[in-house]
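Have a look at the structure below before the remarks.
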Amino acid sequence: MGTEIERKYLVTADGWRASADEGVAIRQFYLAARPGFSARIRILEARGATLTIKTGGGLCRGEYEYPIPLEDARELEAARIGSVVAKRRHRVPLGALTLEVDVFDGPHAPLVLGEIELPSVEARPALPIFLGREVTDDTRYTNAALAVAGRAPEQP
């Protein structure tokens, strides 16, 4: 089984931009989404498409990812549920780890989230000051929930 261990945070300042790459445009949509399960198609700018199935929730989840033909991805979009999630993902070095900063477009803007994939559940990396509240366990911030809601959650 593929496993993803990831913490997710609201990004509260632009300090990440100084060390970020140029980013890649991502378009993704969901074919299924319910608590503990989602199936999505992701199209990466000039890189192709993947089908990803995720199980579970929170910090540690099952993740299965498969490349699919771009033409198939585009055809499957007609079967999507909810809205398309469009964002630009930037990679920011964070010691031995990488922070992925997602800057959302369209109805999900101005949401900016930072995700860190971890080597273990116990890992506690030092966090940069531009990361705000952790939202790993807040299901409103999953991409599937964003797609189904059609907009970003209200910020406090």
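Heads up: numbering here begins at 1 and tracks the sequence. Only heavy atoms go into these numbers, but all of them, side chains included; no hydrogens, no water, no symmetry mates.
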- Message: Could you tell me if the side chain of Glu117 sits less than 4.5 Å from the side chain of Leu97, heavy atoms only?
- Response: no

- Item | Cationic N near anionic O, under 4.0 Å, Arg88 to Glu22 | no

- Kindly check if the number of other-residue, nucleotide or ligand heavy atoms within 6.0 Å of CZ (Arg80) is above 12? yes

- Message: I need the minimum non-hydrogen distance between Phe29 and Ala73, along with the two atoms involved.
- Response: CZ-O, 3.3 Å

- Is there a side-chain contact between Tyr141 and Pro153 (heavy atoms, below 4.5 Å)? yes

- Item | Glu45 and Arg27 ion-paired at < 4.0 Å | no

- Task: Look up atom CD in Glu100 and atom CG in Asp21, then write down how far apart they are to the nearest 0.5 Å.
- Result: 9.5 Å

- Query: Does some side-chain heavy atom of Leu113 sit less than 4.5 Å from a side-chain heavy atom of Val135?
  - Reply: yes

- Query: Do Ile26 and Val85 touch side chain to side chain, with heavy atoms closer than 4.5 Å?
  - Reply: no

- Can you name the closest pair of heavy atoms from Lys87 and Asp102 and give their distance? NZ-OD2, 3.1 Å

- Nearest heavy-atom neighbours spanning Val103 and Arg17: CG2-NH2, 4.5 Å

- Val92 and Ser19 have their tightest heavy-atom pair at CG1-OG, 3.4 Å

- Hydrophobic cluster membership, Ile53 vs Val148, 4.5 Å side-chain cutoff: no

- Message: Can you confirm whether Leu118 sits close enough to Pro125 that some side-chain heavy atom of one is under 4.5 Å from a side-chain heavy atom of the other?
- Response: yes

- Query: So if you build clusters from Ile, Leu, Val, Met, Phe, Trp, Tyr with side-chain heavy-atom gaps below 4.5 Å, do Tyr30 and Leu76 land together?
  - Reply: no

- Distance col, row Arg133:CZ vs Thr12:OG1, nearest 0.5 angstrom, shows 11.5 Å

- Query: Which heavy-atom pair separates Thr3 from Cys60 by the least distance, and what is that distance?
  - Reply: CG2-SG, 3.5 Å

- Message: Under 4.0 Å between a side-chain nitrogen and a carboxylate oxygen: does that hold for Lys54 and Glu4?
- Response: yes

- Message: I want to check something: taking the side chain as every heavy atom from C-beta on, are Arg7 and Leu59 in contact at a cut-off of under 4.5 Å?
- Response: yes

- Query: Would Leu146 and Leu111 satisfy side chain to side chain contact (heavy atoms under 4.5 Å, CB included), going step by step from the backbone distance to the final call?
  - Reply: CA-CA 10 Å; Leu146 294 172; Leu111 183 62; 3.9 Å; yes

- Query: Hey, does Phe104 have a side-chain heavy atom less than 4.5 Å from the side chain of Asn143?
  - Reply: yes

- Item | side chain to side chain contact (heavy atoms under 4.5 Å, CB included) partner of Phe130, chosen from Asp14, Leu10, Leu99 | Leu99

- Task: List the steps, then state whether side chain to side chain contact (heavy atoms under 4.5 Å, CB included) holds for Arg151 with Ser83.
- Result: CA-CA 9 Å; Arg151 59 179 171 69; Ser83 64; over 6 Å; no

- Is there a side chain to side chain contact (heavy atoms under 4.5 Å, CB included) between Tyr9 and Ile116 once you walk through the steps? CA-CA 9 Å; Tyr9 301 86; Ile116 305 169; 4.2 Å; yes

- Item | Closest heavy-atom pair and its distance - Glu134, Thr136 | OE2-OG1, 2.7 Å

- Min side-chain heavy-atom separation Ile5-Pro119 under 4.5 Å: no

Can I get a per-line list of side-chain donor-acceptor pairs under 3.5 Å for residues 37-44, giving both atom names and the distance, sequence neighbours left out?
from: Arg42; atom 1: NE; to: Gln28; atom 2: OE1; distance (Å): 2.7
from: Arg42; atom 1: NH2; to: Gln28; atom 2: OE1; distance (Å): 2.7

- side chain to side chain contact (heavy atoms under 4.5 Å, CB included) assessment of Leu31 paired with Ile81: CA-CA 6 Å; Leu31 301 174; Ile81 58 171; over 6 Å; no

- Task: Given salt bridge (charged side-chain N to carboxylate O under 4.0 Å, His left out), test Arg89 with Glu115 step by step and report yes or no.
- Result: CA-CA 10 Å; Arg89 173 165 285 172; Glu115 301 176 349; 3.3 Å; yes

